[in-house]
Protein chains: 2
Amino acid sequence: MSVTIRDVAAAAHTSAATVSKVMNGSGSISQATIDRVEQVMRELGYHPNARARNFARQSTRTILFLTMLGKNAGFHNPHMFEIMSGMEEAVAKKGYLLCVKSISAEQACEFVEKIFDSKEADGLVLHASVVSPALDELVTVKAIPHIVIGNPDFPSHFSWIDIDNRLGGELAAKHLLKCGYRSLAFLGGRSEDRISGHRLEGVLSVLNEHDVLIPKGNLRQGDSDCDSGYARTEELLKQRELPDAVICANNYIAYGCVMALREHQIRIPEEMGVITFDEYPLSRILKPMLTVVDIDVFDMGYQTGKCILSKIRKPNLTVRYYSTLPSVLERESTRKIVQ
Amino acid sequence: MSVTIRDVAAAAHTSAATVSKVMNGSGSISQATIDRVEQVMRELGYHPNARARNFARQSTRTILFLTMLGKNAGFHNPHMFEIMSGMEEAVAKKGYLLCVKSISAEQACEFVEKIFDSKEADGLVLHASVVSPALDELVTVKAIPHIVIGNPDFPSHFSWIDIDNRLGGELAAKHLLKCGYRSLAFLGGRSEDRISGHRLEGVLSVLNEHDVLIPKGNLRQGDSDCDSGYARTEELLKQRELPDAVICANNYIAYGCVMALREHQIRIPEEMGVITFDEYPLSRILKPMLTVVDIDVFDMGYQTGKCILSKIRKPNLTVRYYSTLPSVLERESTRKIVQ
DNA sequence: CTGAAAGCGCTAACAG
DNA sequence: CTGTTAGCGCTTTCAG
């Protein structure tokens with residue numbers, strides 16, 4: 001059996017309670033006793049049993065992250081892992097451990113109830129893809145400390161943190177206007193793609209403000225992949241009036257777009273400016289290097305980690321905000337030389 | 001206070017011990033009692049307190065994954081998260097929870113000792129980047145159930161699981177020979193890049209076996225990025241004798257290589273075959289689509305999860321193997337039409 | 001087949 | 001400032 005608090009107490013000629021207080025910095029203990037106890041702990045190589053501790057204080061110092069994993073998640077959704085890394089860093093700073101569990105939206109309710117009742121974790125971080133109205137009710141009724149990553153697309157009582165994609169769209173449009181581009185196009189994902197939709201909203205609001213009209217033909221939607229980006233660009237180029245800059249709703253679309261422009265020998269940035277969102281995975285390998293509106297997802301994870309810890313302290317706190325602001329990384333693809 | 005085992009016992013007119021046995025399927029209990037207890041558990045919405053349980057049985061049903069995370073890990077190392085997803089799936093099947101903790105090789109020793117002594121986790125999965133001879137000794141002396149992901153590059157007592165990159169290289173070379181290519185080139189990463197090195201070894205062993213010579217000039221090393229792939233290809237093309245196929249040690253090198261070939265209007269696969277390793281992140285967006293030697297990293301994670309669970313059962317088991325075999329995904333870039 | 005009893009190792013009043 | 005005393009909720013002998 002390994003060394004227990006009683007062994008330490010005995011060796012330090014004191015009681016278990018005192019040792020406990022020394023470890024936790026609670027109560028008031030004389031410096032002499034503190035030194036003696038700490039000395040003995042070191043000598044004996046004592047490490048408090050975490051299981052007994054969790055049990056006694058009724059807390060595990062654990063945050064559970066629930067999301068949908070499964071095959072290819074690492075490749076298709078690197079952002080999620082970036083967020084996770086940020087969360088881990090934040091909670092680790094306060095001595096918490098991050099656990100991860102893959103779950104579907106259907107199983108989520110039952111599982112969350114079990115986890116909470118069984119007290120396996122002190123707080124829950126839920127990816128927006130696993131939440132549902134039923135889960136909202138459960139979490140509210142049971143007052144479960146939680147944060148949802150992503151603003152849920154239904155009315156709810158959840159606390160959430162999200163990225164302000166609308167603002168991202170605004171920044172993209174403003175940047176292009178500032179660079180001297182005057183006729184913008186937007187290549188978006190499918191209509192169900194809320195991220196793409198919010199980015200478009202932001203773009204339109206800026207154009208509206210500047211009284212810039214965007215022709216219907218310059219607004220195109222499709223899949224979020226290279227081929228679609230290529231095809232939508234081809235369509236764009238068939239129009240009588242060409243735009244002088246294009247905003248691609250994501251990396252993959254941008255890749256296809258640049259390929260198409262290259263084939264048509266349209267020079268970037270002189271004849272056509274190109275801007276997109278996020279650094280990864282493709283922005284940096286394209287020539288010319290693309291200007292992007294980037295958001296620091298690691299930081300978003302870090303904020304999430306901090307938030308869930310404060311929710312554990314103050315359970316009636318409601319958190320709802322866009323934690324991390326997007327910013328423009330200017331590169332070659334929008335350096336128009338204004339005559 | 002939530003409902004405890006005693007509440008259930010009282011309501012079912014029996015004892016806590018019996019309820020415990022019903023839950024765990026231990027001891028022998030009459031069917032009537034089982035039914036009655038289960039009924040009551042459902043009625044009361046009873047969920048056993050995990051903390052008390054962990055404490056009583058001295059196990060947490062938790063696996064801890066130690067690796068180096070930090071900013072951009074999600075983007076630069078998607079494989080790690082793919083492995084993690086696989087692990088999660090495997091351990092979840094047996095009711096275990098996966099925890100993740102970012103740590104550096106320097107901190108790893110101290111932390112592992114603490115974790116083990118404090119019994120926060122039942123088993124440890126260590127990424128090869130955090131292991132060291134000191135950790136090897138610690139893990140051996142304390143008989144800590146563990147698996148290392150990646151064969152450590154120093155002699156050790158660790159249990160490990162790895163990918164057989166040497167075999168990957170063999171498969172690549174064999175595939176090209178089978179397609180009718182006769183003069184191969186290899187574009188590798190830096191000499192410290194062990195993955196690239198093993199892939200090259202595999203290639204050379206096959207060529208050796210088939211008495212195919214590979215000219216010195218066809219073996220080139222550089223950084224593992226697109227620009228380096230491009231530059232190395234340019235060098236290759238300046239030679240008097242051109243190879244008829246090139247093996248790129250990774251995705252990024254392959255991307256640069258294809259760009260260079262395209263600029264020189266060298267047709268793939270007719271004039272030059274191209275093969276690389278791994279599906280992500282670039283193989284599938286390139287035109288023509290690249291033939292790759294792929295390995296199922298999710299499966300590797302899954303195997304790791306299964307292994308750590310068996311190590312927990314049988315602590316003196318030593319595991320050392322290449323868990324998941326690479327396989328060739330044939331696509332356009334190697335479809336030479338043999339005359 | 002069932003239940004009483006004795007912990008698991010630590011924390012948190014409370015009394016001294 | 002320190003120690004005594006009671007648990008935390010479950011599992012696990014062991015006697016009935």
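On a predicted model such as this, the values are computed, not experimentally measured, just so you know. In what follows, chains are A, B, ... by sequence order, proteins preceding strands, each numbered from 1.
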Rounded interatomic separation in angstrom, taking [atom1] from [X] and [atom2] from [N]:
| X | N | atom1 | atom2 | answer |
| --- | --- | --- | --- | --- |
| A:Gln58 | D:dC10 | CD | P | 10 Å |
| A:Ile34 | D:dC1 | CD1 | P | 9 Å |
| A:Asn49 | D:dC8 | CG | P | 19 Å |
| B:Phe55 | C:dC10 | CZ | P | 8 Å |
| B:Asn54 | D:dG9 | CG | C1' | 11 Å |
| A:Arg36 | D:dT2 | CZ | C1' | 11 Å |
| A:Glu120 | D:dC10 | CD | P | 13 Å |
| B:Asp7 | D:dC8 | CG | P | 12 Å |

A:Tyr302 versus B:Lys71, side-chain donor and acceptor atoms under 3.5 Å: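 On atom types as modelled, these side chains do not qualify, holding no pair under 3.5 Å.
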Close side-chain approach of B:Asn49 and A:Ser118, heavy atoms under 4.5 Å: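 SC-SC contact between B:Asn49 and A:Ser118 ruled out.
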Any A:Asp153 side-chain heavy atom under 4.5 Å of A:Asn151 side chain: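 No. Closest side-chain heavy atoms not under 4.5 Å.
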Trace of the side-chain contact (heavy atoms from CB on, under 4.5 Å) decision for A:His146 with A:Val125: CA-CA 5 Å; A:His146 71 280; A:Val125 176; over 6 Å; no
Shortest non-hydrogen separation from B:Tyr46 to B:Thr4 and the atoms involved: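 That would be CE1-C, 3.6 Å.
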Any B:Thr33 side-chain N or O less than 4.0 Å from OP1/OP2 of C:dC1: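 Negative; the distance criterion is not met.
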Touch class at under 4.0 angstrom, heavy-atom based, for A:Ser28 against every strand present: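 Result for A:Ser28 = base.
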Between N or O atoms, less than 3.5 Å apart, protein on one side and nucleotides 11-14 of chain D on the other: list the pairs.
residue: D:dT11; atom: OP1; partner: B:Asn24; partner atom: ND2; Å: 3.2
residue: D:dT11; atom: OP1; partner: B:Arg53; partner atom: NE; Å: 2.9
residue: D:dT11; atom: OP2; partner: B:Ser20; partner atom: OG; Å: 2.9

Residues which pass ring-ring contact (aromatic ring centres under 6.0 Å, His included) with A:His76, listed by chain and number, not counting sequence neighbours: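 Checked A:His76 against ring-ring contact (aromatic ring centres under 6.0 Å, His included); matches are B:Tyr280.
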